[in-house]
Amino acid sequence: MTLHRRPLVARILADRPDDLLVVSGLGSSTWDVSSVGNHANNFCFIGAMGQAAPFALGLALAQPEKRVLLITGDGELLMSLGSLATIANKAPANLALMVLDNQSYVETGNQPTATAGLTSLPAIAAACGIAKSREFTLESEVDELGEFVRGVQGPVFANVKIAAESLPLAFPYSFDGVSAMDRFRNSVLK
């Protein structure tokens, strides 16, 4: 059984602490995070495939007292697998990666990603050195997933098998990169 992305993201971000910084990968992950609300501590990628994990790593290193949660998709992460090795070697204790793995590029027509075949993202993360790498597939595991990505010392890697579904778009605060970055920076630094 696979989970549904929007209710899952809503549960993970419910009652979020003020110091939780959320980065979303482009496409569906951004629409999912934005559907929960345009929180000033969200930074939502729009058009930079493969850049969410490196950005989240830099943010975690720059803000070690705040929890950084990356919510991204399997396709976006597959574009920057090398970032997992860097994350493992830098080992920020405040970084959690949550991959919404629908095994497809839903945004461009449901073409299968490598995770629809033999590729296991948790195995790759573990092989890179992220020892706390797990897969979640069941509704009964969602509370445990929330504790894992919001409270376990990192870096942590959670691969969540979700349904491949096209949902209505929920737009982030701004499509203007400067405005979005300024708003996020001002929120983070206050």
Side-chain angles (χ1 to χ4, degrees), residues 2-3 5-6 8-13 16-17 19-34 36 39 41-45 48-106 113-115 119-137 141-162 184 188:
T2 52
L3 297 162
R5 61 185 320 126
R6 291 271 166 93
L8 171 75
V9 171
R11 278 180 67 183
I12 297 301
L13 296 181
R16 67 189 278 181
D19 63 347
L20 177 65
L21 307 178
V22 177
V23 177
S24 65
L26 83 153
S28 297
S29 303
T30 282
W31 316 139
D32 297 339
V33 169
S34 296
V36 178
H39 196 286
N41 278 352
N42 293 347
F43 187 79
C44 299
F45 273 90
M49 191 163 185
Q51 296 305 303
F55 181 90
L57 170 60
L59 182 60
L61 293 172
Q63 296 292 320
E65 300 303 316
K66 297 179 181 178
R67 183 70 169 197
V68 177
L69 172 59
L70 169 64
I71 300 175
T72 194
D74 51 314
E76 201 273 340
L77 184 63
L78 285 163
M79 292 290 290
S80 63
L81 282 179
S83 63
L84 294 177
T86 306
I87 289 167
N89 282 283
K90 292 295 182 183
N94 60 329
L95 179 59
L97 293 82
M98 186 173 87
V99 179
L100 304 176
D101 184 358
N102 58 17
Q103 303 177 18
S104 64
Y105 295 102
V106 169
T113 67
T115 64
T119 303
S120 166
L121 292 174
I124 292 169
C128 285
I130 301 174
K132 297 172 187 168
S133 297
R134 296 193 44 204
E135 186 156 271
F136 296 85
T137 61
E141 298 173 315
V142 174
D143 289 339
E144 187 178 356
L145 167 65
E147 292 170 15
F148 187 68
V149 299
R150 287 179 51 173
V152 172
Q153 186 169 342
V156 300
F157 184 93
N159 196 68
V160 186
K161 292 294 187 177
I162 60 164
F184 183 69
V188 169

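In terms of heavy atoms, Ser133 sits closest to Ala126 at OG-N, 3.6 Å. Shown here for Ala88 and Cys128, the closest heavy-atom pair between the two residues is CB-O, 3.1 Å. The nearest pair of heavy atoms linking Pro155 to Ile130 is O-CG2, 3.6 Å. Among all heavy-atom pairs drawn from Ala158 and Val149, the shortest one is CB-CG1, 3.8 Å. Looking at every heavy atom in both residues, Ala56 comes nearest to Leu70 through CB-CB, 4.0 Å. Between Ser28 and Arg5, the shortest heavy-atom distance links the atoms CB-NH2, 3.2 Å.
Between the Arg134 side chain and the Leu145 main chain, no donor and acceptor come within less than 3.5 Å of each other. At least one donor-acceptor pair closer than 3.5 Å links the side chain of Thr30 to the backbone N or O of Phe45.
The shortest side-chain heavy-atom distance between Phe136 and Val142 does not fall under the 4.5 Å cut-off. Between Asn41 and Arg16, some side-chain heavy-atom pair lies under the 4.5 Å cut-off. Within the 4.5 Å cutoff, side-chain heavy atoms of Ile12 are placed close to those of Leu69. Residues Leu61 and Leu57 form a side-chain contact, since some pair of their non-hydrogen atoms from C-beta on lies under 4.5 Å apart.
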Let me check something: any side-chain donor-acceptor pairs from residues 72-82 under 3.5 Å, sequence neighbours excluded? List them with distances.
unit_1	atom_1	unit_2	atom_2	d
Thr72	OG1	Glu76	OE1	2.7
Asp74	OD1	Asn102	N	3.4
Asp74	OD2	Gln103	N	3.2
Asp74	OD2	Thr113	OG1	2.7
Asp74	OD2	Thr115	OG1	3.1
Glu76	OE2	Gly50	N	2.8
Glu76	OE2	Gln51	N	3.1
Glu76	OE2	Ala52	N	3.1
Ser80	OG	Gly50	O	3.1

List, one per line, each side-chain donor-acceptor pair under 3.5 Å for residues 90-100, sequence neighbours excluded.
unit_1	atom_1	unit_2	atom_2	d
Asn94	ND2	Ala60	O	3.1
Asn94	ND2	Gln63	O	3.0
Asn94	ND2	Lys66	O	2.7

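Rounded to the nearest 0.5 angstrom, Trp31 CH2 and Leu26 CG are separated by 8.0 Å. Interatomic distance, Leu13 CG to His39 NE2, rounded to the nearest 0.5 Å: 9.0 Å. Here Leu20 contributes atom CG and Arg67 contributes atom CZ; the two are 8.5 Å apart, rounded to the nearest 0.5 Å. For the atom pair Leu84 CG and Phe157 CZ, the distance stands at 6.0 Å (nearest 0.5 Å). Rounded to the nearest 0.5 Å, atoms CG (Leu121) and NZ (Lys161) are 7.0 Å apart.
With sequence neighbours excluded, the residues that form a ring pair (Phe, Tyr, Trp, His ring centres under 6.0 Å) with Phe184 are Phe43.
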